[in-house]
Amino acid sequence: MKSIKKIIVKSFVLLTLVGVSCNENTFLDEPNPNALTEASFWKTESHFNSALTSVYGALQYRSVSGSELVQEFVMSDLAGTEAWYRPFPFRNLTYTNGQNHLSEKWQELYVGIFRANTILTQLQTVDEDILDETTKTEIEAQARFLRAFFYFQLVHTYGGAMIHDEVAQSLEELSKELSSTADVNAQIIIPDLEFAMSNLPETWESTAAGRATWGAATSLLGKVYLYDEQWPQAASLFKEVIDSGIYSLTRNIEDNFTHFNEFNEESIFEVNYSFDLNPGNSGFAEDDTSIGGAGAESTTLSTEVGHIQYGAFNTVLASYNLHEMLVNDEVDPNNSINDGNLESRRMNYTIAPRNGEGDWYLAPFSEAKATWGGGQSAYVKKHSNWYHMDGEPVRGRSGINFRHIRYADVLLMYAEAVINANGDFATAISYVDMVRSRAGVVTLQQYMDMNGGMFPQLHVSKQVHGDQPMVTANAQTVLTHIQRVERAIELCFEGHRYKDLVRWGIVKEVFDDLRADEIWRETNLDITGQGVAPLFISGRVRPDFSQASQNYKPEEHNYFPIPSGEVLNNPNFNN
């Protein structure tokens with residue numbers, strides 16, 4: 001049963017109208033005794049919990065955890081799209097500050113911050129007979145975690161943020177200058193997460209599943225330090241999470257990609273959606289997009305990534321690089337997780353290639369009605385409704401939760417942190433191999449045992465370059481593996497990839513590599529008929545990186561520009 005249900009709290013709509021009055025002598029002078037006002041709210045513990053639920057509800061916005069994330073999925077090395085789809089300007093890096101996604105994400109993140117700030121402001125003066133100290137602290141810790149989460153998304157999407165640590169009382173207070181990531185970290189994110197770590201429980205009862213926990217706060221604070229390249233601090237926090245014994249990898253990787261077994265042992269922070277509460281319709285249902293809070297409990301991310309011939313849009317397509325890395329995700333036949341499968345289970349729960357094993361939309365791949373061609377070698381399965389149609393066309397929404405932080409991510413971040421902290425690549429390998437072993441594929445240590453301490457560079461295209469170069473394990477080669485292979489294929493389409501490439505400073509390098517691969521394919525592949533194994537590209541070679549590799553400029557594309565509406569309305573951006 002879904003446990004964090006979206007509640008529309010009228011007080012938040014009213015709070016946005018504070019200070020608005022009417023000059024008529026008699027019009028609306030009589031109060032409505034049934035109306036919920038700011039003066040009549042904040043009078044019970046239930047009021048505070050309802051308000052807190054609305055902060056969690058802001059996580060459901062399309063640009064935070066829902067369908068609008070496809071605009072960012074296509075910006076990395078893992079995805080392409082077509083010219084007739086909305087994400088196309090983002091794939092080519094030709095977007096402007098007038099793009100809807102930029103303004104929507106900015107607004108939606110600030111709605112979450114506003115809601116959290118409203119609670120935190122009210123907690124400062126609440127009477128003890130309304131909230132006892134324990135309950136007050138518990139609510140404050142959740143609100144501060146969520147505020148930190150929204151600010152983390154802001155600074156690593158826009159390169160900074162306007163700091164609001166309380167509810168603005170005037171237009172002047174709303175129109176602040178843009179603060180740097182370092183300032184937002186120091187003033188908001190780090191203090192909020194430290195408070196949350198100290199005051200959130202390790203687990204909640206099942207009826208409260210989905211609420212922020214100590215592990216979520218600790219993991220996010222580790223991520224803050226990781227992004228800031230404070231490696232020892234990051235490694236220490238991730239190790240606390242690992243050593244806590246609270247989390248583990250699910251045996252079945254698919255448990256992280258469907259609506260079954262949600263809030264499982266691998267889940268550290270995920271956003272709740274429910275297909276049953278609001279199943280949507282056959283067309284254009286949306287995630288929660290109304291800034292006031294529309295109350296949608298399901299997500300249309302499944303519609304965006306699912307296949308068009310099964311009622312979806314497939315606006316995000318697997319890149320050839322991702323497809324080939326997953327094809328080369330070599331199965332370990334001695335790993336008990338495997339069950340006679342010749343292809344990686346990680347692949348078959350992530351993408352749908354033409355000749356894949358297993359089912360797709362409840363039928364074997366060989367019976368799939370999808371028309372392959374036009375350069376499309378594989379479609380996205382993660383987030384889509386490919387595994388449950390219930391005998392009818394795919395409906396516009398799904399109940400698949402969006403996982404923002406899971407244990408596999410923490411293991412890989414820890415491996416990255418320890419390499420950068422002290423060059424300990426042996427420890428890093430052991431944590432990378434935990435993720436690879438759960439995926440049922442040959443581990444780095446197994447490759448090294450078979451090849452005199454060397455392992456293949458799995459991000460290098462076999463199709464283009466022939467045999468993949470073997471490299472000796474050291475700090476740099478293992479770090480490259482984490483960057484180019486492991487985080488890419490384990491965490492694809494989960495909201496991390498472009499931010500990863502930016503913080504590593506390798507966007508241009510990666511785009512240029514993949515554009516060179518495209519040029520080779522354009523020149524050398526026979527794209528008639530059924531194409532050439534292993535990708536079976538036919539019709540054309542899709543030019544995913546032809547524009548991105550040329551257009552990329554770090555000062556313009558590492559972060560989104562401030563949305564045009566903010567620039568026009570905020571005098572601090574008009575100087």
Side-chain angles (χ1 to χ4, degrees), residues 59 64-65 69 72 76 109 112-113 141-142 144-161 180-198 200 212-244 246-247 256 266-271 402-421 428 431-432 435 479 482-483 486-488 490-506 558-559:
L59 295 166
V64 180
S65 309
L69 287 177
E72 298 169 50
S76 76
L109 290 169
I113 290 166
Q142 292 177 78
R144 292 185 69 173
F145 168 83
L146 292 167
R147 182 171 70 174
F149 173 87
F150 292 128
Y151 268 115
F152 181 89
Q153 294 296 321
L154 272 170
V155 297
H156 292 294
T157 302
Y158 299 93
S180 67
T181 298
D183 286 344
V184 178
N185 280 342
Q187 295 182 45
I188 298 288
I189 297 177
I190 293 174
D192 277 359
L193 292 176
E194 288 177 340
F195 183 89
M197 282 177 59
S198 298
L200 286 174
T213 61
W214 167 85
T218 307
S219 299
L220 185 55
L221 185 56
K223 194 170 180 177
V224 171
Y225 286 124
L226 186 81
Y227 275 49
D228 199 34
E229 298 186 351
Q230 297 187 51
W231 312 115
Q233 296 95 318
S236 176
L237 288 162
F238 294 139
K239 196 64 164 61
E240 283 189 52
V241 175
I242 293 167
D243 289 346
S244 70
I246 301 169
Y247 306 102
N256 298 295
E266 190 166 340
S267 174
I268 296 179
F269 187 58
E270 66 182 75
V271 175
F402 191 87
R403 283 77 165 176
H404 278 285
I405 308 174
R406 57 186 177 94
Y407 189 58
D409 186 11
V410 168
L411 294 176
L412 295 177
M413 289 192 290
Y414 177 66
E416 178 187 344
V418 296
I419 288 180
N420 284 294
Y431 284 90
V432 168
V435 177
L479 182 61
I482 293 170
Q483 294 174 339
E486 216 60 50
R487 286 190 64 80
E490 176 69 27
L491 303 169
C492 60
F493 313 125
E494 296 184 33
H496 310 296
R497 188 58 180 170
Y498 192 70
K499 293 179 177 67
D500 277 348
L501 296 179
V502 167
R503 67 186 179 87
W504 294 325
I506 63 172
N558 280 354
Y559 304 101

Is any side-chain N of the basic residue among Glu270 and Arg406 closer than 4.0 Å to the acidic one's carboxylate O? no

Provide the closest heavy-atom pair for Ala408 versus Val435 in the form atom of the first, atom of the second, distance. O-CG2, 4.1 Å

How close do Ala417 and Ala234 get, counting heavy atoms only, and between which atoms? CB-CB, 4.3 Å

Does any N or O in the side chain of [X] come within less than 3.5 Å of the main-chain N or O of [Y], such that one atom is a donor and the other an acceptor?
X	Y	result
Thr218	Gly215	no
Arg403	Asn256	yes
Ser65	Val271	no
Asn420	Glu416	yes

To the nearest 0.5 Å, tell me how far [X] [atom1] sits from [Y] [atom2].
X	Y	atom1	atom2	result
Leu220	Ile189	CG	CD1	7.5 Å
Lys223	Ile405	NZ	CD1	6.0 Å
Leu501	Arg487	CG	CZ	10.5 Å

Partner set under side chain to side chain contact (heavy atoms under 4.5 Å, CB included) for Ala216, not counting sequence neighbours: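 Partners of Ala216 under the side chain to side chain contact (heavy atoms under 4.5 Å, CB included) test: Phe145, Thr213, Ile268, Phe269.
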
Measure from the ring center of His156 to the ring center of Tyr559 and say whether it is less than 6.0 Å. no

Proximity of Tyr431 and Tyr414 rings by center, below 6.0 Å: yes

Going by the side chain to side chain contact (heavy atoms under 4.5 Å, CB included) test, name the single residue among Ile113, Thr181, Val184 that passes it with Leu154. Ile113

By salt bridge (charged side-chain N to carboxylate O under 4.0 Å, His left out), which residues pair with Glu486, not counting sequence neighbours? Arg346, Arg436

Donor-acceptor side-chain pairing of Ser236 and Gln233 below 3.5 angstrom: no

